[in-house]
Amino acid sequence: MNLDNLLTLDTLQLAKAMLGWRLRLDSEEGSYEGIIVETEAYLQGDPACHAYRTKTKRNAAMFGKPGTIYVYQIYGMHYCFNISGNEEGIGEAVLIRALEPTLGIELMKMRRNTASLKNLCSGPAKLVQAFGIHMDMNFWNVRTDALSLIPPQNLIVDNDIITTTRIGITQGADFPYRFYIKGNSFISKK
DNA sequence: TGCAGGATGTGA
DNA sequence: CACATCCTGCAA
């Protein structure tokens, strides 16, 4: 599957299909890459979705074209990184929850202030910090900007994907919208 | 090994 | 006032 095909999937399928793809950032200081190993989907009609009610200044990027990057601040101090799904005008996105670092590891260790490989990108706010992602990247697009998606080296099949409920929410807590690669040790929860 | 507590912008 | 989180410190 190529990037064009990936971004035509509905948001739930997109969240699953992104497993195994690599997230890459090219910045002044160097390049970062990690394999996407855990995602969550946030959909229309889903009370946990930031776009559940109205379009606001904060959630506007969720309504962008597929591949639009949505960065938001949470708990006043951390940031999370999403990729918008579905067509323009519909507020849906996939939250990237964990990566298996493959490139730029020394830079990540400095940014995260830890030497532990497993602790670099094993959470949505952690991977944001490891890559140095910030609010200026809100409304970027993975098609056109320095934050991009690279197709999988090893194809992830359905049998390799575990589906569970999402982490850290109470509204919509029963929806099975969290996906991760079976047996991968870089996910956010053991 | 587990959990309580704190930091604090945004929108209901 | 609840929240798509993480880290520290203290108890068991």
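Chain naming here is simple, since letters A, B, ... match the order of the sequence lines and numbering starts at 1 in each. Predicted model only: the values in this text are computed from it and were never measured.
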Side-chain N,O (Thr56(A)) to OP1/OP2 (dA12(B)) below 4.0 Å
no

With the side chain of Ile74(A) defined as its heavy atoms from C-beta on, choose the nearest nucleotide among dC6(C), dT5(C), dA12(B).
dT5(C)

Closest to the side chain of Met77(A), out of dC6(C), dA7(B), dT10(B), is dA7(B)

Arg178(A) side chain near dA4(C) phosphate (N/O to OP1/OP2, under 4.0 Å):
no

Give the rounded distance in Å between these two atoms: CD1 of Ile187(A) and P of dC6(C).
13 Å

From the list dA4(C), dG11(B), dG9(B), which nucleotide is the closest neighbour of the side chain of Gln73(A)?
dG9(B)

Length of the line joining Tyr52(A):OH and dA2(C):C1', which is rounded to integer Å
16 Å

Separation of atom OH in Tyr70(A) from atom P in dT10(B), rounded to whole Å
11 Å

Under 3.5 Å for both donor-acceptor distances, Watson-Crick or wobble: does dC3(C) have a partner, and if so which one?
dG9(B)

Hey, does Glu40(A) reach any base, or is it just sugar-phosphate, or nothing, if we go heavy atoms under 4.0 Å?
nothing

Which is true for Ala48(A) with a 4.0 Å heavy-atom rule: it touches a base, it touches only sugar-phosphate, or it touches nothing?
base

Counting the benzene-type ring for Trp, do Phe81(A) and Tyr79(A) have ring centres under 6.0 Å apart?
no

Considering every strand and a 4.0 Å limit on heavy-atom distances, what is the contact class for Met135(A): base, sugar-phosphate, or nothing?
nothing

If you only use heavy atoms from C-beta on, which nucleotide in dC7(C), dT10(B), dA4(C) is closest to the side chain of Arg58(A)?
dT10(B)

When hydrophobic residues are tied together by side-chain contacts of less than 4.5 Å, even through go-betweens, does Ile169(A) share a cluster with Leu12(A)?
no

With a cut-off of 6.0 Å (strictly less than), are more than 12 heavy atoms of other residues, nucleotides or ligands near CG of Asn113(A)?
no

Heavy atoms under 4.0 Å, any strand shown: does Asn59(A) hit a base, just sugar-phosphate, or nothing?
nothing

Atom CG of Asn113(A) to atom P of dT8(C): distance rounded to whole Å?
8 Å

Choose from dA4(C), dC7(C), dT5(C) the nucleotide whose nearest atom is closest to any side-chain atom of Arg112(A).
dC7(C)

Does Arg22(A) make a cation-pi contact with Tyr32(A), if we ask for NZ or CZ under 6.0 Å from the ring centre and within 45° of the axis?
no

Rounded to whole angstrom units, what separation is found between the CZ atom of Arg166(A) and the P atom of dA4(C)?
9 Å

Take atom P in dA12(C) and the same atom in dG5(B), then report the distance between them in whole Å.
14 Å

At under 4.0 Å between heavy atoms, what does Tyr79(A) touch on the DNA or RNA strands: base, sugar-phosphate, or nothing?
nothing

For Lys65(A) and Asn141(A), does a side-chain donor sit closer than 3.5 Å to a side-chain acceptor?
no

To the nearest Å, how far apart are Glu38(A) CD and dT5(C) P?
10 Å

In this structure, how many angstroms lie between the C1' atom of dA4(C) and the CG atom of Leu43(A), rounded?
13 Å

Could you tell me whether the side-chain ring of Tyr42(A) sits stacked on the base of dA4(C), using a centroid cut-off under 5.5 Å and a plane angle under 30°?
yes

Under 6.0 Å between ring centres, would you say that holds for Tyr42(A) and His50(A)?
no

When the distance from NE2 of His78(A) to C1' of dG9(B) is rounded to whole Å, what number comes out?
13 Å

